[in-house]
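Protein chains get the first letters and strands the later ones, always in sequence-line order, with residue 1 at the start of each.
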Amino acid sequence: MKHTLSVLVENKPGVLNRISGLFARRGFNIDSLAVGETEDPKYSRMTIMVDGQDQPLEQVTKQLHKLINVIKITDLDPATSVDRELVLVKVKATAENRSEIMQIAEIFRAKIIDVSKTMLVIEVTGTREKVGAIMKLLRPFGIVELVRTGRVAMSRGTELT
Amino acid sequence: MNGATAILESLRREGVEVVFGYPGGSVIPLYDALYDFEIDHILTRHEQGAVHAADGYARASGKVGVCIATSGPGATNLTTGIANAYLDSVPLVAITGQVRTNLIGTDAFQEADIHGITLPIVKHSYLVKNAADLPSVLHEAFYIARTGRPGPVVVDIPVDLTIADVEYDPDGAQKIDLPGYRPTVKGHPKQIKAAAQAIAEAERPVIFAGGGVISAGGSEQLRELALHAHIPVTTSLTGIGSFPEDNEELSLGMLGMHGTRYANYAVTNCDLILGVGVRFDDRVTGRIAAFAPGAKVVHIDVDPAEISKNVAVDVPIVGDAKSVLADLLVQLKKHELSPERHLPWMRQVADWKKSHPMTFRREEDGEIMPEFVVKTISDITKGEAIICTEVGQNQMWAAQYSRVTRPRHFISSGGLGTMGFGFPASIGAKIARPDALVIDIAGDGSFQMNIQELGTAMNYRIPVKVCILNNQYLGMVRQWQDLFWNKRYSATCIACQPDFVKVAEAYGAQGFRATRADEVEEVLRVAFASDEPAVIDIRVKREANVWPMVPAGGAIDQMLGEEDR
Ligand SMILES: Cc1ncc(C[n+]2csc(CCOP(=O)(O)OP(=O)(O)O)c2C)c(N)n1
């Protein structure tokens, strides 16, 4: 099962290193990791997607808690949290199919952010599912390059993550 | 003051009296400040010696051990010792010099990323970038090293910071602000009640005590509880001394691969195991599925990550062993605990002790059995010496046949199993406890790994006694080859070795040798009576094996003994 961990850490050098190293050592693969400062520059928040299939996640969260710079860990429940990912995708486009691609982008509320003679760069924001769906439609045109930020997530409503 | 003095001032305020280290370019300013500072410095002959000595000092005293090394090779020479302290949860602060701030990342002369190298083997670490942070970082390092589950902290300090001007403000520097670090000390009252209930209901209870009891200073609480509830106690290797082994009725000695049969049988057949400050390491549990299969597991540990890591726990209690044991005793006293409640069990345990005692064969032709040496040491020191060990057979025999009655009197590399640990550790222990007789029970292989520390022992006249159980083999590996690899002794014969008596004498230490069983006691007595460092080369039966033994991955009640061969 995939888990989305939201980890609040002190904004100190080496913290990312400690955390990624710990996952590797304990045998967990990180699917994606997004990190940035929070509302308080003393702290950063990492959103980590990890596969907890083979081993229970508990051991790794406990080990994470032992890191001195880790303040809080939340295993976000998809039902009570929102998540987004931003993807940039470069697609082959010809004079003939360019408008078709632009229509697909529009349906998904994606933005065309660069146009050249033979390529389009599209920015997609959404859940993994939405990103997956548009990629499926774009693939036949020829995806040349793809970069993703990794998922960011937070709790819904008034609940703090 | 300059950064170097600020570092030492922080150490002084942390109560540091002695540091172990080795100088080099990036720590010259620090050593300059040490020159007339009130902290003693022990110059070892290798950085590995320094870190193990600091470790032994910490284990013998309960204080934080401190070591210093220069950047690059000095720092990398510390790594084995840091890993050793990490696995055995020993409070240590390792200060490493680093190249100048503006050279970091340029592959400068003697630059090594020790912060990065040690990430997986530290409790925490710092690469200090501003001289002004030095005092607060050092106080934080000590706080982290000694609180919660103790462990090593590395502080990497670029040399330019040590000559910069620093203001030492004692109040500001000693204020600890670590929002992500709040170790639990008090156990949860509800859990403690549940544990008391489970103990009171148990018909076949056993206590399994580990190094956590000793580091928490909870041995007295453990003793009171075991005596009050009348429960037998077995220990892990690092837990030796947490419970007095001269308690004939309740002490079961060590558990696990080379544990006593009666401890292994008791744990396998118990209906309740109270683990205190232990981590259920694989050398103890053997095959997990067969470990205490019918038992309710109560586990007290200060580190929540240890709970249910290896063995599923029924009643977890996170907290400091001393505090939790004291609270647990209060709760237990509310229960009716008649000694009759588990009489059949206690009879059974006594029976096992009688029918499977720890004994060894005595050779008739005067050959020296290694067990006999350890037992003689234990007898003539009345169990009052601090016993350090190397790693291998010597370590297991030391664990099996030393009768340790007090905490911090058995010092051994448990988790990492580091050959070469015992001798420098004994030097550290002797500095911590100058009143105590400190003995390193060694193998000839292990001793040669840090034999250069004879220089340190002589330099400062630290009269430790190295008793080599000399079998001219890397004995423990040879034993596995003997039992499981058709006696193909690949790379384990080390009969080419120096004359250890002459080596000792060359350093100016005393050297002794015993080649026959009837010489052992006398030689030991003479060596122990002197005020000099001494090496005692005891020629033991070369192919003696450690018994009993649980083959790796086996159930712990399925032990091989000499009779099975
Ligand atoms: C640094 C290190 N290298 C290798 C080993 C593997 N090892 C474990 S026990 C042992 C043999 C130890 O020989 P010795 O010190 O002579 O002790 P003995 O077993 O003969 O008592 C070895 C090589 C180790 N534990 N530590």
Side-chain angles (χ1 to χ4, degrees), chain A residues 1 3 5-30 33 35-48 50 52-75 160-161, chain B residues 83 86 89 101 104-105 113-130 133 136-137 140-145 147-156 158 176-184 279-280 301-313 316 318:
Chain A
M1 201 189 130
H3 288 263
L5 297 182
S6 184
V7 185
L8 186 67
V9 300
E10 283 186 277
N11 197 356
K12 297 227 164 124
V15 176
L16 179 60
N17 210 343
R18 282 180 209 278
I19 292 187
S20 57
L22 196 141
F23 276 94
R25 263 198 315 286
R26 302 271 164 184
F28 286 86
N29 273 336
I30 293 179
L33 190 155
V35 53
E37 250 176 36
T38 63
E39 67 285 356
D40 181 342
K42 278 205 311 228
Y43 304 115
S44 290
R45 187 177 292 283
M46 299 187 180
T47 311
I48 305 171
V50 41
Q53 207 150 50
D54 303 333
Q55 305 171 55
L57 198 63
E58 189 188 329
Q59 183 54 219
V60 88
T61 53
K62 280 175 166 179
Q63 294 293 344
L64 277 177
H65 266 300
K66 282 172 68 171
L67 297 177
I68 308 290
N69 303 130
V70 169
I71 293 164
K72 192 178 171 201
I73 303 166
T74 320
D75 189 353
L160 291 183
T161 306
Chain B
Y86 181 68
S89 308
T101 322
I104 290 181
D113 175 12
I114 197 64
H115 184 267
I117 290 169
T118 55
L119 272 184
I121 52 170
V122 294
K123 182 169 175 186
H124 196 53
S125 48
Y126 300 86
L127 168 53
V128 190
K129 294 277 182 63
N130 295 305
D133 296 340
S136 59
V137 163
E140 230 174 76
F142 275 84
Y143 176 75
I144 291 171
T147 51
R149 179 178 182 171
V153 179
V154 168
V155 185
D156 196 23
I176 302 290
D177 175 27
L178 292 167
Y181 180 66
R182 303 231 162 79
T184 310
R279 55 194 182 88
F280 295 99
D301 205 284
V302 70
D303 179 0
E306 285 305 333
I307 307 249
S308 292
K309 185 178 84 177
N310 296 335
V311 166
V313 174
V318 175

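Across B:Gly148, B:Gly180, B:Pro183, the residue that shares the most heavy-atom pairs under 4.5 angstrom with chain A is B:Gly180. Looking only at heavy-atom pairs under 4.5 Å with chain A, the residue among B:His124, B:Arg149, B:His115 that has the most is B:His124.
Of all the heavy atoms in B:Ala305 and A:Lys66, the pair that sits closest is CB-CD, 3.7 Å.
A:Lys62 has its side chain out of reach of B:Lys309: every pair of non-hydrogen atoms, C-beta onward, lies at least 4.5 Å apart.
With a 4.5 Å cut-off on non-hydrogen atoms, B:Arg182 does not touch chain A at all. A:Leu22 does not touch chain B: none of its heavy atoms, backbone or side chain, sits under 4.5 Å away.
Among residues two or more places apart in sequence or in another chain, the salt bridge (Lys or Arg N to Asp or Glu O under 4.0 Å) test is passed with B:Asp133 by none. Residues forming a side chain to side chain contact (heavy atoms under 4.5 Å, CB included) with B:Val318 (at least two apart in sequence, or on another chain): B:Thr184, B:Pro304, B:Ile307.
Residue pairs meeting the salt bridge (charged side-chain N to carboxylate O under 4.0 Å, His left out) criterion with at least one member in residues 119-130 of chain B: none, sequence neighbours excluded.
Distance check: B:Tyr143 OH to A:Ile68 CD1 gives 9.5 Å after rounding to the nearest 0.5 Å. With values rounded to the nearest 0.5 angstrom, A:His65 atom NE2 is found 12.0 Å from B:Asp303 atom CG.
Within residues 8-18 of chain A, the residues having any heavy atom less than 4.5 Å from a heavy atom of chain B are, in residue-number order, A:Glu10, A:Asn17, A:Arg18.
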